[in-house]
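Notes follow the structure.
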Amino acid sequence: MSAQETVDDLCRAGVLADIDRHFALLLAYWDARAHIVLIAAVASAAHRAGHTCLALGDCAGLRVVEFLDWLPPAEGQAALPPNAAQARLPALATMLKALAESDVVVAADDAPANVAPLVLDEDRLYLRRLWLTEQRLAGRLRCIARDDAALRSEAALQRLFPDAGEARRAAKLAVTRRLAIVTGGPGTGKTTLAVHLIALLLESGMAGVRRIALAAPTGKAAARLQESVSAQLAALAATTPALRAFVPNAVTIHRLLNRRQPPRVDAVIIDECSMVDLALMGRLTDALPDHARLILLGDAAQLASVRPGYVFSDLCAAGDAAAGPLAGCVTTLTHSHRFSASGGIGRLAAAIVGGEADAALAALTDAADMETELRPLQSAAAFEALAHDYARDWCAPLLRDLMAAGAAPTRAFPARRVLCAHRAGPFGANRFNRLVERRLRQLVALPVDEFYVGRPIIVTRNDRQTNLANGDTGVVIASPDGGRQVWFPDLPGAADDGRFLIAPSRLPDHESFFALTVHRAQGSEYDEVACIPGPATARVNTRELLYTAVTRARRKVTVFADAASVRACIGRATKRTSGLLRALVAA
């Protein structure tokens with residue numbers, strides 16, 4: 001059987017996607033050898049999985065289904081055809097020889113001058129676009145990191161950061177190096193640090209009052225950044241006159257870059273950097289003026305970006321290296337102001353990051369600690385019952401309050417937020433949302449109207465006309481004239497009471513939500529979190545996903561899973577193949 005037929009079988013079985021198949025068949029026009037066709041399809045699949053390259057040494061000799069972490073079909077479904085099940089990548093030496101001889105592959109040393117779809121860099125195989133982006137980003141970051149300067153105002157540093165602790169170290173780094181990377185868990189004061197850094201940059205004359213940019217990867221993250229910065233500026237401005245003329249305007253990184261001219265800035269502060277992918281970070285560093293400072297804030301333990309790359313984690317690792325251009329550019333904030341390290345959530349988060357499943361389960365099952373709880377959820381029927389309970393206990397009372405409040409509600413969402421590892425499937429957020437809405441129609445007698453009072457809305461597309469961004473959440477309320485409005489409580493608005501209100505007809509693409517995926521919730525915080533990882537075998541259940549979910553909670557987190565699922569999550573750390581770290585620490 002030919003390689004093309006093997007790729008077809010793998011595609012039909014869901015091991016590969018259509019785009020992987022088409023990419024492989026396109027390259028087959030120039031080189032139809034079996035090894036090249038199969039390797040090209042797997043390289044494309046690795047790109048979809050978030051890897052920037054294919055590490056040939058890691059996949060040599062493995063079956064494709066094994067390397068791509070394919071899950072076997074459920075009972076009663078068709079089995080994988082033997083040809084696809086046994087399809088195996090060749091040995092490393094064989095792959096390297098075939099790639100070196102192929103017209104569709106170019107060696108890294110020759111890649112800048114010679115164009116080919118694939119680039120071979122030692123034992124790593126790239127799609128050409130990703131190789132070029134990674135190399136350029138590494139070069140730009142090495143260049144930015146080399147520049148340093150003397151501290152202009154020690155007095156300002158000591159006044160704004162009176163405690164000689166980790167915050168002062170981070171601030172000193174940010175004003176003496178053009179590249180500063182600050183990582184820390186939830187509640188460790190990254191945004192507070194940003195506000196004081198703005199004051200320090202202005203007071204020491206290192207940045208103009210209109211030349212400090214605030215940005216984040218998503219619209220929701222940018223709105224939270226602006227809200228947090230604005231809330232703290234007023235108090236700090238009383239003792240720092242230079243701050244009084246500063247007007248915070250946090251935007252998405254895309255919007256910062258989508259201007260006709262490069263941003264005219266002296267400093268750029270980026271929040272939630274764990275969500276920034278390789279291509280976006282590349283665009284950002286390319287657009288920076290040569291003198292500008294780049295300050296990156298994030299949590300290296302959180303979920304990686306949806307698109308290819310593990311950029312923030314790679315940057316933190318490069319900064320920790322004893323030698324190399326980024327050495328000394330990274331500082332870590334460890335003290336959480338959101339929850340105690342000795343409390344249930346703090347102990348659980350530390351255990352997850354440390355890969356200690358026993359300690360995590362001990363925190364979840366500690367009867368004396370009310371912050372954490374583990375409850376079994378063993379079937380799709382149990383998931384349905386959980387949705388019905390949530391509708392009855394949390395959503396129905398809120399909907400009744402919203403109906404009674406008319407146009408002047410005081411709260412929008414339940415104190416407990418449900419976070420699912422999956423979007424689709426029997427344990428996914430989509431199914432949970434349908435089940436809750438169906439049950440609410442029985443409990444509250446909801447009207448047939450699509451925009452019933454109390455319907456929670458999540459925006460799924462950025463929209464400049466309304467200034468709504470992908471991920472913004474609102475709720476339908478009554479308007480004074482008896483109609484309907486959508487209130488976005490996290491956004492400042494121009495209504496008489498300062499609320500952000502919009503007519504349903506003006507909404508960009510949106511959907512109902514009673515549960516969110518963990519990816520959607522990244523960067524948010526809630527009073528209580530109900531986390532639903534789903535089956536232990538699900539490949540999306542990783543240590544980083546569980547950590548991100550549980551650390552969204554301020555007061556309590558309940559994990560609806562058995563011990564096996566918790567152990568599986570903690571034992572499955574995210575592994576994304578990248579050459580960025582190697583390129584950053586190279587001499």
Just so I know, are the side chains of [X] and [Y] near enough to count as touching, which here means a heavy-atom distance under 4.5 Å?
X	Y	answer
L89	L62	no
L468	F500	yes
F488	T466	no
D58	K575	yes
V311	V276	no
R576	H51	yes
R423	H519	no
E272	Q302	yes

Q: Assess the side chains of D299 and S274: does a donor N or O sit below 3.5 Å from an acceptor N or O?
A: no

Step through the shown structure and confirm whether more than 12 heavy atoms of other residues, nucleotides or ligands are within 6.0 Å of [atom1] on [X].
X	atom1	answer
L26	CG	yes
R264	CZ	no
R33	CZ	yes
N114	CG	yes
D103	CG	no

Q: Show your working on side chain to side chain contact (heavy atoms under 4.5 Å, CB included) between L56 and L99 and close with a plain yes or no.
A: CA-CA 11 Å; L56 300 178; L99 292 168; 3.7 Å; yes

Below 4.0 angstrom, N of the basic side chain to O of the carboxylate: do [X] and [Y] qualify?
X	Y	result
R224	D490	no
R283	D286	no
R520	E511	no

**Q.** Evaluation steps, side chain to side chain contact (heavy atoms under 4.5 Å, CB included), between V518 and V540
**A.** CA-CA 11 Å; V518 178; V540 300; over 6 Å; no

Q | Among R293, R211, R210, the one residue meeting salt bridge (Lys or Arg N to Asp or Glu O under 4.0 Å) with D266 | A | R211

Are the side chain of [X] and the backbone of [Y] linked by a donor-acceptor contact shorter than 3.5 Å?
X	Y	answer
D121	R124	no
N433	A515	yes
R178	D290	yes
T285	G282	yes
R21	V7	no
T176	K172	yes
R142	A583	yes
R572	N541	yes
K190	G184	yes
E134	T52	no

Euclidean distance, [Y] [atom2] relative to [X] [atom1], rounded to 0.5 Å:
X	Y	atom1	atom2	value
T133	L580	OG1	CG	11.0 Å
I181	L294	CD1	CG	8.0 Å
L288	L257	CG	CG	8.5 Å
C59	I39	SG	CD1	8.0 Å
T183	F312	OG1	CZ	4.5 Å
L173	T331	CG	OG1	6.5 Å

**Q.** Q135, R129, R128 screened by side chain to side chain contact (heavy atoms under 4.5 Å, CB included) with W131, the one that passes
**A.** Q135

Closest non-hydrogen atom pair between [X] and [Y], with its separation:
X	Y	answer
I457	F513	O-CE2, 3.4 Å
L297	A194	CD1-CB, 3.9 Å
P533	A421	O-CB, 3.4 Å
L10	A84	CD2-O, 3.5 Å
R63	A85	NH1-O, 3.0 Å

Q.
For a side chain to side chain contact (heavy atoms under 4.5 Å, CB included) check, start with the C-alpha distance between V106 and V115, then their side-chain angles and the critical distance, and finish with the verdict.
A. CA-CA 7 Å; V106 64; V115 177; over 6 Å; no

Q: Please report the C-alpha distance between T460 and D509 in whole Å, then the side-chain angles of each, then the deciding distance to 0.1 Å, and finally whether the side-chain hydrogen bond (donor to acceptor under 3.5 Å, both in side chains) criterion is met.
A: CA-CA 5 Å; T460 59; D509 295 348; 4.9 Å; no

(Q) Among residues at least two apart in sequence or on other chains, which ones pass side chain to side chain donor-acceptor pair (under 3.5 Å) with D472? (A) none

**Q.** Worked check of side chain to side chain contact (heavy atoms under 4.5 Å, CB included) between I198 and I269
**A.** CA-CA 9 Å; I198 293 168; I269 300 174; 3.8 Å; yes

